[in-house]
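Structure, as structure tokens:
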Amino acid sequence: MTTKPKNPAAPDAPRGRAGRREWTALCVLMLPLLLVSMDVSVLYFAVPAISADLEPSGTQQLWIFDIYAFVLAGLLMTMGSLGDRIGHRRLLLIGAAAFGAASLVAAYADSAETLIAARAVLGIGGATLMPSTMALTRTMFTDPGQRAQAIGVWSGVMAGGVALGSVLSGVLVEFFWWGSVFLVNLPAMALLLALGPVLLPESKDPAPGRFDLLSIPLSMAAVLPVVYGLKEIPSEGWNARYVVSVTVGLLFAALFVHRQRTTASPMLSPALFRGHGFTPALVLNLVAAFGMMGSAYFTTQYLQSVLGKSALEAALWGLLPSVLVGVAAPVTTRLVQRGVNRAYVVAAGFATAAAGYALLATAGTDSLWPVLAGSGVLAAGIVTVLSQMTDLALGAAPVERAGSASSLLETSQEFGGALGMAVLGSIGTAVYHHEMPASAPAPARETLGGALAVADQLPGAAGESLTTAARAAFTSGMQGAALAGAVVLLGAAGLAVGALRGVGARERDEKCCAQAEAKEVSAAGRS
């Protein structure tokens, strides 16, 4: 269908509730979303096999791993706006075809250059799929309660896909060759291409104006340097090169914002930010991603390098916290639907996530269950926030601009995740450097991985002593970062109460008005 323009701040008019067709279509939409989120982590365990087969240089290996996320982050805003113009279903199907074709090329790549190029195309396809799935969810579920339930499912699948990707990678590489991690994409994309035209509605802005081509390079120049710099800072420190990269990105971001405010046909309409609750949703969404990725930086290393788990064992243990994620979003949705003010639900989500960080802060060098429990509580709190902020932002945006709204949400998550890794990773690294003995070799004082590599080359007691010291120092760094994360999230809880309290009251008023209008329409029909 083609939607009509409306006031961004106005509530949706009462419409029919979604039925079996829409819920079936949602299940189909979850296939590409799951695969796109899995592809962020699906190479975790395949990299050694790829290195042995294709023999990439160190730089090529980094690009094989990172190019997907960088291209995806850089094109999200472009693709979200493009979907508003040409139709989200059309863009979704084009992206699915590109994603499937690139997966096939990647699976049978015979050189590092081919694999890098295929991963880049996968990133382009992913950038079309993510905002399209969210925008179509917004289009199909116009009833606020059903929309909240559908977005809860969307958020859970998105969060679970990242964890599942690493496990699937380990299992496939264990029993097949590394290309199999890409071939699993093909059946899902084929199913989407077959069922999408039948089940999914078309949705686009009927009067979008011309597409501002200058905004494309400006948006990429704003996003990519910032994400790159922030992701490198935890491992390399506050190197001048990365600080300059972030600064350049922020300057281009200012130019991009100026362009959107002054051009006659912007890529992202400033009217989006006038939607009631849209801007607070973006900010709180960023903080939630900060908390999620900041913890992941430590817990994955802790399981492997401190507890000594194999990569596959660490991934399997890492699935346990996902159980709480599957419960959090539905429970949260039910609370809001029963009249609990969204501001307090979101604040409780942040407080819960802060409690998860507090549990991580109690971990020692042999604390598997406290770390898993902390990770689960943290993830449950974060998914609570993400699902509510997604619902709030999409509800505040007009349907015909759902793609742009979705892309802004996802871009804020990219920024928040990179910022969390940079800030909390830097705190952990600083504590690690402080705790390591001054007499330790230079590589051992830099990172835990470097310390374990040096310890393997030392005889007996010397190697064990260095390993013990490095693991204790890393754990202390994780504790310090966890305390900092808890403080940030508690601050976000207070911010949520202040920023969303009025939004919650307005939502209740709009719901009552919509129910009253529906009753009047029903009574008029009976008379």
Is the number of heavy atoms from other residues, nucleotides or ligands within 6.0 Å of CZ (Phe252) greater than 12? no
Side chain to side chain donor-acceptor pair (under 3.5 Å) involving Ser412 - partner list, sequence neighbours excluded: Asn285
Excluding sequence neighbours, so at least two apart, what forms side chain to side chain donor-acceptor pair (under 3.5 Å) with Arg259? Asp212
Under 3.5 Å, is there a donor-acceptor pair between the side chain of Ser103 and the main chain of Phe99? yes
If we ignore hydrogens and angles and just use 3.5 Å, is the side chain of Tyr302 paired with the main-chain N or O of Ser367 as donor and acceptor? yes
Looking at Val246 and Val226, what are the two nearest heavy atoms and their distance? O-CG2, 3.7 Å
Counting C-beta onward and ignoring hydrogens, is there a side-chain heavy-atom pair between Ser215 and Phe256 closer than 4.5 Å? yes
Closest approach of Ile382 and Ala353, non-hydrogen atoms and distance? CD1-CB, 3.9 Å
Residues in side chain to side chain donor-acceptor pair (under 3.5 Å) with Thr133, at least two apart? Trp154
Can any side-chain N or O of Ser81 pair as donor or acceptor with the backbone N or O of Met77 at less than 3.5 Å? no
Contact check, side chains of Met292 and Val385, non-hydrogen atoms, under 4.5 Å: no
With heavy-atom distances below 4.5 Å as the criterion, would you say the side chains of Leu424 and Val488 are in contact? no
Taking atom CG of Asp456 as the centre, does the number of heavy atoms from other residues, nucleotides or ligands within less than 6.0 Å exceed 12? yes
Please determine whether side chain to side chain contact (heavy atoms under 4.5 Å, CB included) holds for the pair Leu218 and His258, giving the CA-CA distance in whole Å, both sets of side-chain angles, and the decisive distance to 0.1 Å. CA-CA 11 Å; Leu218 282 177; His258 177 74; over 6 Å; no
Under the side chain to side chain contact (heavy atoms under 4.5 Å, CB included) rule, what do Met436 and Leu466 come out as? Steps first, then yes or no, please. CA-CA 9 Å; Met436 281 296 289; Leu466 180 60; 3.9 Å; yes
Where at least one partner belongs to residues 284-303, residue pairs that pass salt bridge (Lys or Arg N to Asp or Glu O under 4.0 Å), sequence neighbours excluded: none
Below 4.5 Å, heavy atoms only, C-beta onward: do Phe182 and Leu115 meet side chain to side chain? yes
Got a sec, which residues hit side chain to side chain donor-acceptor pair (under 3.5 Å) with Thr247, two or more places apart in sequence or on another chain? none
Assess whether side chain to side chain contact (heavy atoms under 4.5 Å, CB included) is satisfied between Phe298 and Val371, documenting all intermediate values. CA-CA 10 Å; Phe298 291 97; Val371 167; over 6 Å; no
Provide the full list of ring pair (Phe, Tyr, Trp, His ring centres under 6.0 Å) pairs with a residue in residues 107-131, sequence neighbours left out, each pair given once. Tyr108-Trp177
Contact between Met389 and Val283 at the side-chain level, heavy atoms closer than 4.5 Å - yes or no? no
For His434, is the NE2 atom crowded, meaning more than 12 foreign heavy atoms sit under 6.0 Å from it? no
Hey, are the side chains of Leu500 and Val346 touching, using non-hydrogen atoms and a 4.5 Å cut-off? yes
Distance from Leu183 atom CG to Leu104 atom CG, nearest 0.5 Å? 7.0 Å
Measuring from Thr390:OG1 to Leu282:CG, what's the distance to the nearest 0.5 Å? 10.0 Å
Between Val487 and Tyr357, is there a side-chain heavy-atom distance shorter than 4.5 Å? no
Any donor-acceptor pair under 3.5 Å linking the side chain of Ser387 with the backbone of Thr384? yes
Determine the minimum heavy-atom distance between Leu129 and Ala96, stating which atoms define it. CD2-N, 3.7 Å
Distance in Å, Thr411 OG1 paired with Leu286 CG, rounded so as to fall on 0.5 Å steps: 10.5 Å
Might you work through the side chain to side chain contact (heavy atoms under 4.5 Å, CB included) test for Val431 and Met478, ending with a clear yes or no? CA-CA 8 Å; Val431 174; Met478 183 175 73; over 6 Å; no
Would you compute the distance between atom CG of Asn185 and atom CG of Leu122 and round it to the nearest 0.5 angstrom? 7.0 Å
How close do Ser245 and Gly229 get, heavy atom to heavy atom, and via which atoms? OG-N, 3.9 Å
Nearest heavy atoms of Ala288 and Leu386, plus distance in Å: CB-CD2, 3.7 Å
Nearest non-hydrogen partners of Ala351 and Ala493, listed with the distance: N-CB, 4.3 Å
Is the backbone of Phe474 close enough, under 3.5 Å, to the side chain of Glu435 for a donor and an acceptor to pair up by distance? no
Pairwise side-chain contact, Leu360 with Leu483, heavy-atom cut-off 4.5 Å (strictly under): no
Rounded to the nearest 0.5 angstrom, the CD1-CG distance for Ile94 and Leu82 is 8.0 Å
Could you state the interatomic distance from CE (Met220) to CG (Leu76), rounded to the nearest 0.5 Å? 10.5 Å
